[in-house]
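Okay, structure first, notes after.
Whatever order the structure lists ligands and atoms in, that order sets their numbers, starting from 1. These values consider heavy atoms only, across backbone and side chains, with no hydrogens, waters or symmetry-generated copies.
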Amino acid sequence: MPPSPAAPVRVLFLCLGNICRSPMAEGVFRHAVERVGLADAIAIDSAGCGPWHIGSPPDQRAQAAARKRGYDLSKQRARQIEAHDLDGFDFVLAMDRSNLTRIESLGTGRAECRLFLEFADGANADEVPDPYYGGGDGFEYALDLIEAASDGLLTHIRKTRLQD
Ligand code: 4NP
């Protein structure tokens with residue numbers, strides 16, 4: 001039998017509702033991973049802290065802002081994080097500190113739980129502000145931060161988890 005491929009590195013992006021920031025992060029990071037041919041090596045998902053939007057596609061404003069930059073979010077559907085995600089994923093990356101607090105309330109697991117913007121070299125923010133109640137600029141700013149962190153995250157995973 002041929003050797004089975006190594007298990008993928010699993011990344012979960014987390015925000016409050018899973019209809020704005022974490023779906024954008026999922027779409028941007030998936031695009032970056034596919035561009036370098038690592039789609040089989042890195043598995044990507046997103047979730048929200050709350051249940052309000054379970055089953056819904058991303059917010060239309062998030063989809064439109066992402067589409068302008070070449071990211072298709074249309075097939076994503078919102079879900080709520082569950083305690084077993086903390087064991088099922090290698091990284092759970094939170095958009096803001098309140099998301100991290102929510103993770104702590106679920107317990108512990110083997111996942112590395114961090115703020116996503118820790119990977120954004122040179123960004124002068126450590127949280128992605130929630131654009132849900134604001135204007136269109138908030139989505140553009142969130143995407144700027146997410147793109148910066150996405151590149152840093154991919155470099156980190158290649159260096160520390162993959163021998164590609
Ligand atoms: P997200 O934005 O956490 O970036 O998905 C939000 C979306 C919906 C709500 C809050 C934040 N909400 O309260 O419904």
Measure Ile19 to ligand 1 on non-hydrogen atoms and call it side chain, backbone, both or neither using the 4.0 Å cut-off. both
Short version for Phe139: what comes under 4.0 Å of ligand 1, heavy atoms counted, is neither
Could you tell me the residue and atom name of the protein heavy atom closest to atom 13 (O) of ligand 1, and the distance to it rounded to 0.1 Å? Tyr133 OH, 3.4 Å
Might you work through the side-chain contact (heavy atoms from CB on, under 4.5 Å) test for Phe91 and His156, ending with a clear yes or no? CA-CA 11 Å; Phe91 292 92; His156 176 78; 4.0 Å; yes
Check each atom of ligand 1 against the heavy atoms of Gly17 and keep those under 4.0 Å away; list them by number with element. 1 (P), 3 (O), 5 (O)
Let's go through Glu140 and Arg61 carefully: what are the C-alpha distance in whole Å and the side-chain angles of both, what is the deciding distance for salt bridge (Lys or Arg N to Asp or Glu O under 4.0 Å) to 0.1 Å, and is it a yes or a no? CA-CA 10 Å; Glu140 296 298 336; Arg61 297 166 296 170; over 6 Å; no
Quick one about Thr155 and Arg158 (side-chain donor to acceptor, distance below 3.5 Å, no hydrogens or angles considered), yes or no? no
Within 45 degrees of the axis of the six-membered ring of Phe89 and under 6.0 Å from its centre: does Arg10 put its NZ or CZ there? yes
With heavy atoms under 4.0 Å as the rule, classify the contact between Asn18 and ligand 1 as side chain, backbone, both or neither. backbone
Counting distance only, does the side-chain N/O of Gln80 pair as donor-acceptor with the main-chain N or O of Cys49 below 3.5 Å? yes
Checking Arg21 against Asp130 for the salt bridge (Lys or Arg N to Asp or Glu O under 4.0 Å) test, could you report, in this order, the C-alpha distance in whole Å, the side-chain angles of both residues, the deciding distance, and whether it holds? CA-CA 7 Å; Arg21 292 165 293 171; Asp130 192 342; 3.5 Å; yes
Counting heavy atoms under 4.0 Å, the part of Met95 that contacts ligand 1 is neither
How many angstroms lie between atom OG of Ser150 and atom CZ of Phe119, to the nearest 0.5 angstrom? 11.0 Å
Show the atoms of ligand 1 that are less than 4.0 angstrom away from any heavy atom in Leu16. 3 (O), 10 (C), 11 (C)
Hydrogens and angles aside, do Glu26 and Tyr71 bring a side-chain donor and acceptor to less than 3.5 Å of each other? no
Taking atom 8 (C) of ligand 1 as the reference point, the nearest protein heavy atom with its distance: His53 NE2, 3.4 Å
Looking only at distances, can you tell me whether any N or O atom of Pro131, backbone or side chain, sits closer than 3.5 Å to an N or O atom of ligand 1? no
Using distance alone, decide if ligand 1 has a nitrogen or oxygen within less than 3.5 Å of any nitrogen or oxygen in Cys15. no
Is there at least one pair of N or O atoms, one from Asp130 and one from ligand 1, spaced under 3.5 Å apart? yes
Relative to the heavy atoms of Cys20, which atoms of ligand 1 are at a distance of less than 4.0 Å? 1 (P), 2 (O), 4 (O), 5 (O)
